[in-house]
K.L.:
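For reference, the structure I am asking about is given below.
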Amino acid sequence: MKARHVLGLAVLLLSALLPAARLWAQQPLAPLILIVDMQQILQDAKAAKGVQSIISQQYNVYSKEVAQEEDELQKARAELERQRTVLTPDAFSLRARELQQRYDDLDQTVQGRRQALQQSLNEAMGKVRNVALEVVAGIVQERRANLVIEKQAIVFEAEGLDVTPEAIERLDQKLSSVPVNLPKPEGEAAKSGAAASDKKN
């Protein structure tokens, strides 16, 4: 009787636990979340700061050159105004159109330089970002995380979830600088094109 009673109790417990076991098996694993601020990484990393510094220096060089050319154009315009009384209407109109063309050419040059400089910035920062993503992926693998969220989307975070400082430190060790392919001046670009053409011929 006792053996039958024990066996019956075991079957009853097993029957009660089976639904709970099935429910537990169906429950998804709790996500291990990490937080990263890519904007901060691309701002504070050594390689990123180096790229920004190079681009900023080149931009200052361009700005000085443009300011000098604008000053020359303003002087030319003032001189043309002084000659208005001694020039024929046709001659004045011709010189005014030539001066306006110089202004238009300068404006196109400025836009071209800005676009080329922006492209150089995008290319260099793209390299930094790629390595930064590799670093973050390494941290994710080490911590066995299965979800990474951008910091800008977080309202509240628990301590220890933000791996941004660690990512910056590792990125600095892995990539301290990045070469920046600056655009060539118009004269050098033209020479390079001519040289390439001569080689083909």
Side-chain angles (χ1 to χ4, degrees), residues 36-136 149-154 164 167-168 171-172 174-201:
V36 66
D37 190 340
M38 288 301 297
Q39 292 183 8
Q40 183 179 350
I41 293 175
L42 297 179
Q43 177 179 339
D44 295 346
K46 289 182 180 178
K49 289 182 178 179
V51 171
Q52 295 287 354
S53 177
I54 293 174
I55 294 296
S56 179
Q57 291 176 7
Q58 189 62 42
Y59 181 81
N60 290 336
V61 171
Y62 285 166
S63 296
K64 291 180 180 178
E65 293 177 355
V66 170
Q68 182 178 356
E69 294 178 17
E70 287 179 340
D71 184 61
E72 293 177 357
L73 288 176
Q74 290 176 0
K75 291 179 180 178
R77 173 172 287 180
E79 179 63 24
L80 180 60
E81 287 296 330
R82 284 193 293 268
Q83 295 179 357
R84 180 188 288 269
T85 57
V86 298
L87 293 174
T88 64
D90 290 342
F92 179 83
S93 178
L94 176 61
R95 294 190 182 183
R97 287 197 300 269
E98 292 174 348
L99 184 60
Q100 184 60 49
Q101 184 61 49
R102 291 175 60 186
Y103 270 105
D104 294 341
D105 292 343
L106 178 59
D107 184 60
Q108 291 181 359
T109 298
V110 170
Q111 292 183 11
R113 287 177 176 178
R114 286 178 178 173
Q115 292 175 357
L117 206 56
Q118 184 64 45
Q119 182 177 353
S120 298
L121 174 63
N122 293 341
E123 290 177 356
M125 290 303 295
K127 297 175 183 177
V128 178
R129 182 178 181 83
N130 289 340
V131 179
L133 290 174
E134 293 176 2
V135 168
V136 172
I149 302 178
E150 271 279 6
K151 191 175 182 67
Q152 286 72 20
I154 300 299
T164 302
I168 293 175
L171 179 57
D172 289 344
K174 190 172 184 178
L175 186 73
S176 59
S177 63
V178 169
V180 180
N181 184 24
L182 292 174
K184 295 181 179 180
E186 287 77 3
E188 292 186 14
K191 291 179 181 178
S192 299
S197 176
D198 292 340
K199 288 182 180 180
K200 291 182 180 180
N201 296 332

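For this chain, numbers begin at 1 and follow the sequence in order.
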K.L.:
Taking Thr109 for its side chain and Asp105 for its backbone only, find out whether a donor-acceptor pair lies under 3.5 Å.
P.N.:
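Side chain of Thr109 to backbone of Asp105, a donor-acceptor pair under 3.5 Å: yes, one is there.
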
K.L.:
Which residues pass the salt bridge (charged side-chain N to carboxylate O under 4.0 Å, His left out) test with Arg97, sequence neighbours left out?
P.N.:
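Applying salt bridge (charged side-chain N to carboxylate O under 4.0 Å, His left out) to Arg97 gives none.
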
K.L.:
Do any side-chain atoms of residues 67-76 form donor-acceptor pairs under 3.5 angstrom with protein atoms, and if so which ones, sequence neighbours left out?
P.N.:
| from | atom 1 | to | atom 2 | distance (Å) |
| --- | --- | --- | --- | --- |
| Asp71 | OD2 | Lys75 | NZ | 3.4 |

K.L.:
For Gln39, is the CD atom crowded, meaning more than 12 foreign heavy atoms sit under 6.0 Å from it?
P.N.:
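Counting other residues, nucleotides and ligands, CD of Gln39 stays at 12 neighbours or fewer.
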
K.L.:
Would you please test Gln108 and Asp104 for side-chain hydrogen bond (donor to acceptor under 3.5 Å, both in side chains) and show each step?
P.N.:
CA-CA 6 Å; Gln108 291 181 359; Asp104 294 341; over 6 Å; no

K.L.:
Determine, step by step, whether Arg84 and Glu81 satisfy the salt bridge (charged side-chain N to carboxylate O under 4.0 Å, His left out) criterion, reporting the C-alpha distance in whole Å, the side-chain angles of both residues, the deciding distance to 0.1 Å, and the verdict.
P.N.:
CA-CA 5 Å; Arg84 180 188 288 269; Glu81 287 296 330; 3.2 Å; yes

K.L.:
About how many Å separate NZ of Lys174 and CD of Glu134, when rounded to the nearest 0.5 Å?
P.N.:
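If we round to the nearest 0.5 Å, Glu134:CD and Lys174:NZ are 4.5 Å apart.
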
K.L.:
With rounding to the nearest 0.5 Å, note down the distance linking CG in Leu182 to CD in Gln58.
P.N.:
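One gets 5.0 Å once the value is rounded to the nearest 0.5 Å.
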
K.L.:
When you measure from the side chain of Asp172 to the backbone of Lys46, do you find a donor-acceptor pair of N or O atoms at a distance under 3.5 Å?
P.N.:
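Flag set: sc Asp172 to bb Lys46 pair under 3.5 Å.
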
K.L.:
For the residue pair Asp37 and Glu150, what are the closest heavy atoms and their distance?
P.N.:
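Minimum heavy-atom contact is CA-OE1, 4.0 Å.
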
K.L.:
Picking from Gln83, Glu79, Gln100, what satisfies side-chain hydrogen bond (donor to acceptor under 3.5 Å, both in side chains) with Arg95?
P.N.:
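Per the side-chain hydrogen bond (donor to acceptor under 3.5 Å, both in side chains) rule, the option paired with Arg95 is Gln83, out of Gln83, Glu79, Gln100.
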
K.L.:
What's the shortest heavy-atom distance between Lys49 and Gln43, and which atoms?
P.N.:
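Scanning both residues completely, I find the closest heavy atoms to be CG-O, 3.5 Å.
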
K.L.:
Can you give me every donor-acceptor pair (side chain of residues 118-130, partner residue at least two apart or in another chain, under 3.5 Å) with its distance?
P.N.:
| from | atom 1 | to | atom 2 | distance (Å) |
| --- | --- | --- | --- | --- |
| Gln118 | NE2 | Asn122 | OD1 | 3.0 |
| Gln119 | NE2 | Glu123 | OE2 | 3.3 |
| Ser120 | OG | Ala116 | O | 3.1 |
| Ser120 | OG | Asn181 | O | 2.7 |
| Asn122 | ND2 | Gln118 | O | 3.3 |
| Asn130 | ND2 | Gly126 | O | 3.3 |

